[in-house]
Visitor: 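Following this message is one structure expressed as structure tokens.
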Amino acid sequence: MRALIQRVSHARVDVAGRTVGAIDQGLLALIGVEKGDDEARADKLLHKLLHYRVFGDDAGKMNLDLQQVDGGLLLVSQFTLAADTHKGLRPSFSSAAPPAEGERLFEYLLTRARDTWPHVASGEFGADMQVSLLNDGPVTFLLEA
């Protein structure tokens with residue numbers, strides 16, 4: 001499982017002209033599910049999302065995590081993160097989990113996140129989503145579990 005995280009001042013996801021998920025300060029996490037991923041990897045990724053220190057402390061150093069700044073977590077499924085881009089000029093998605101399995105694990109991650117942290121929002125799995133954000137920094141990391 002992969003998450004491309006961005007520290008944001010605010011972010012939102014719209015589907016068909018309506019906002020389905022939004023946060024203020026926090027993390028936007030684009031989630032890619034790969035073949036072989038399971039609940040243990042989802043749990044490990046969630047731990048990283050909640051505890052990865054990317055927010056500035058009083059000295060401006062990245063020493064604080066999402067929970068310490070009481071930030072929001074916006075989870076958005078994005079199967080293109082599972083793409084193999086090593087060869088050629090077109091991505092291969094052979095390493096991505098099948099849609100049903102990707103949805104199951106994304107929903108598992110979302111449920112666990114909501115059970116663990118009160119400030120969780122999400123997009124809609126498989127929908128044509130428009131994601132708007134203000135990247136704070138910019139700060140962007142690729143997390144793998």
Visitor: With sequence neighbours excluded, what pairs up with Asp38 under the salt bridge (Lys or Arg N to Asp or Glu O under 4.0 Å) test?
Guide: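 Partners of Asp38 under the salt bridge (Lys or Arg N to Asp or Glu O under 4.0 Å) test: none.
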
Visitor: Scan residues 7-33 for pairs that pass ring-ring contact (aromatic ring centres under 6.0 Å, His included), counting only residues two or more places apart or in two chains.
Guide: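 Sorted pair list comes back empty.
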
Visitor: To the nearest 0.5 Å, what is the distance between CD (Glu34) and OG (Ser95)?
Guide: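 Nearest 0.5 Å value for the CD-OG distance: 5.0 Å.
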
Visitor: Please test Leu74 against Val8 for side chain to side chain contact (heavy atoms under 4.5 Å, CB included), starting from the C-alpha separation and ending with a verdict.
Guide: CA-CA 10 Å; Leu74 179 56; Val8 299; over 6 Å; no

Visitor: Less than 4.5 Å apart, any side-chain heavy atom of Trp117 and any of Gln67?
Guide: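 They are in contact (side-chain heavy atoms under 4.5 Å apart), so the answer is yes.
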
Visitor: Please, which pairs that meet salt bridge (Lys or Arg N to Asp or Glu O under 4.0 Å) have at least one residue in residues 98-108, sequence neighbours excluded?
Guide: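 The answer is Glu39-Arg104, Glu101-Arg104.
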
Visitor: Spell out, yes or no, whether Val131 and Leu4 are grouped together once hydrophobic residues are joined by side-chain heavy atoms under 4.5 Å, including indirect joins.
Guide: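 The answer is yes; both residues are in one hydrophobic cluster.
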
Visitor: Taking all atoms of both residues into account, what is the closest heavy-atom pair of Ala42 and Met1, and its distance?
Guide: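 Looking at all heavy atoms of both residues, the closest pair is CA-SD, 3.4 Å.
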
Visitor: Who are the side-chain hydrogen bond (donor to acceptor under 3.5 Å, both in side chains) partners of Arg114, not counting sequence neighbours?
Guide: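 Not a single residue meets the side-chain hydrogen bond (donor to acceptor under 3.5 Å, both in side chains) criterion with Arg114.
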
Visitor: When hydrophobic residues are tied together by side-chain contacts of less than 4.5 Å, even through go-betweens, does Phe106 share a cluster with Met129?
Guide: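 In one cluster: no.
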
Visitor: Output all residues satisfying side-chain hydrogen bond (donor to acceptor under 3.5 Å, both in side chains) with Thr80, sequence neighbours left out; order by chain, then residue number.
Guide: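 For Thr80, the residues satisfying side-chain hydrogen bond (donor to acceptor under 3.5 Å, both in side chains) (neighbours in sequence not counted) are Gln78.
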
Visitor: Do you know which two heavy atoms are closest between Gly123 and Val76, and how far apart they sit?
Guide: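 Looking at all heavy atoms of both residues, the shortest contact is N-CG2, 4.4 Å.
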
Visitor: Heavy atoms only: give me the nearest His119-Gly71 pair and the separation to one decimal.
Guide: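 His119 and Gly71 have their closest heavy atoms at CB-O, 3.6 Å.
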
Visitor: If you measure from CZ on Arg112 to CG on Leu75, what distance do you get to the nearest 0.5 Å?
Guide: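 If I round to the nearest 0.5 Å, the distance is 13.0 Å.
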
Visitor: Find the distance between CG (Leu45) and CD1 (Ile5) and round it off to the nearest 0.5 Å.
Guide: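 It is 9.0 Å, given to the nearest 0.5 Å.
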
Visitor: When the side chains of residues 138-145 are checked against the rest of the protein, which donor-acceptor pairs come out under 3.5 Å, sequence neighbours left out?
Guide:
from   : atom 1 : to     : atom 2 : distance (Å)
Thr140 : OG1    : Asn135 : ND2    : 3.1
Glu144 : OE1    : Arg2   : NE     : 3.1

Visitor: Could you tell me which non-hydrogen atom of Ala97 sits nearest to which non-hydrogen atom of Gly102, and how far apart they are?
Guide: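 Of all heavy-atom pairs spanning Ala97 and Gly102, the closest is CB-N, 4.0 Å.
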
Visitor: Which pair of non-hydrogen atoms, one from Leu110 and one from Ser122, has the smallest distance, and what is that distance?
Guide: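 Smallest interatomic distance, heavy atoms only, reads CD2-OG, 3.5 Å.
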
Visitor: Any salt bridge (Lys or Arg N to Asp or Glu O under 4.0 Å) involving residues 128-141? Give me the pairs, sequence neighbours left out, ordered by first then second residue.
Guide: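 Listed by first then second residue: Arg7-Asp136.
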
Visitor: What closest approach, in Å, do Thr116 and Leu46 show between heavy atoms, and which atom pair accounts for it?
Guide: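 Scanning both residues completely, I find the closest heavy atoms to be OG1-CD2, 4.1 Å.
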
Visitor: Other hydrophobic cluster members with Phe79, side-chain heavy atoms of Ile/Leu/Val/Met/Phe/Trp/Tyr under 4.5 Å, chained?
Guide: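 Members alongside Phe79: Phe93.
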
Visitor: Same cluster or not: Leu133 versus Val15, using hydrophobic residues (I, L, V, M, F, W, Y) connected whenever any side-chain heavy atoms lie under 4.5 Å apart?
Guide: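 Result: yes, single cluster for both.
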
Visitor: Anything under 3.5 Å between a donor and an acceptor, one on a side chain of residues 16-33, the other on a protein residue two or more places apart or in another chain? List them.
Guide:
from  : atom 1 : to     : atom 2 : distance (Å)
Arg18 : NH1    : Glu124 : OE2    : 3.3
Arg18 : NH2    : Glu124 : OE2    : 2.8
Thr19 : OG1    : Asp14  : OD1    : 2.7

Visitor: May I have the list of side-chain donor-acceptor pairs in residues 81-88 shorter than 3.5 Å, sequence neighbours left out?
Guide:
from  : atom 1 : to    : atom 2 : distance (Å)
Asp84 : OD1    : His86 : N      : 3.0
Asp84 : OD1    : His86 : ND1    : 2.8

Visitor: Going by the side-chain hydrogen bond (donor to acceptor under 3.5 Å, both in side chains) test, which pairs reach into residues 44-59, not counting sequence neighbours?
Guide: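 Listed by first then second residue: Asp57-Asn63.
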
Visitor: Excluding sequence neighbours, so at least two apart, what forms side-chain hydrogen bond (donor to acceptor under 3.5 Å, both in side chains) with Ser9?
Guide: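 Once residues adjacent in sequence are excluded, Ser9 has no partner under the side-chain hydrogen bond (donor to acceptor under 3.5 Å, both in side chains) criterion.
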
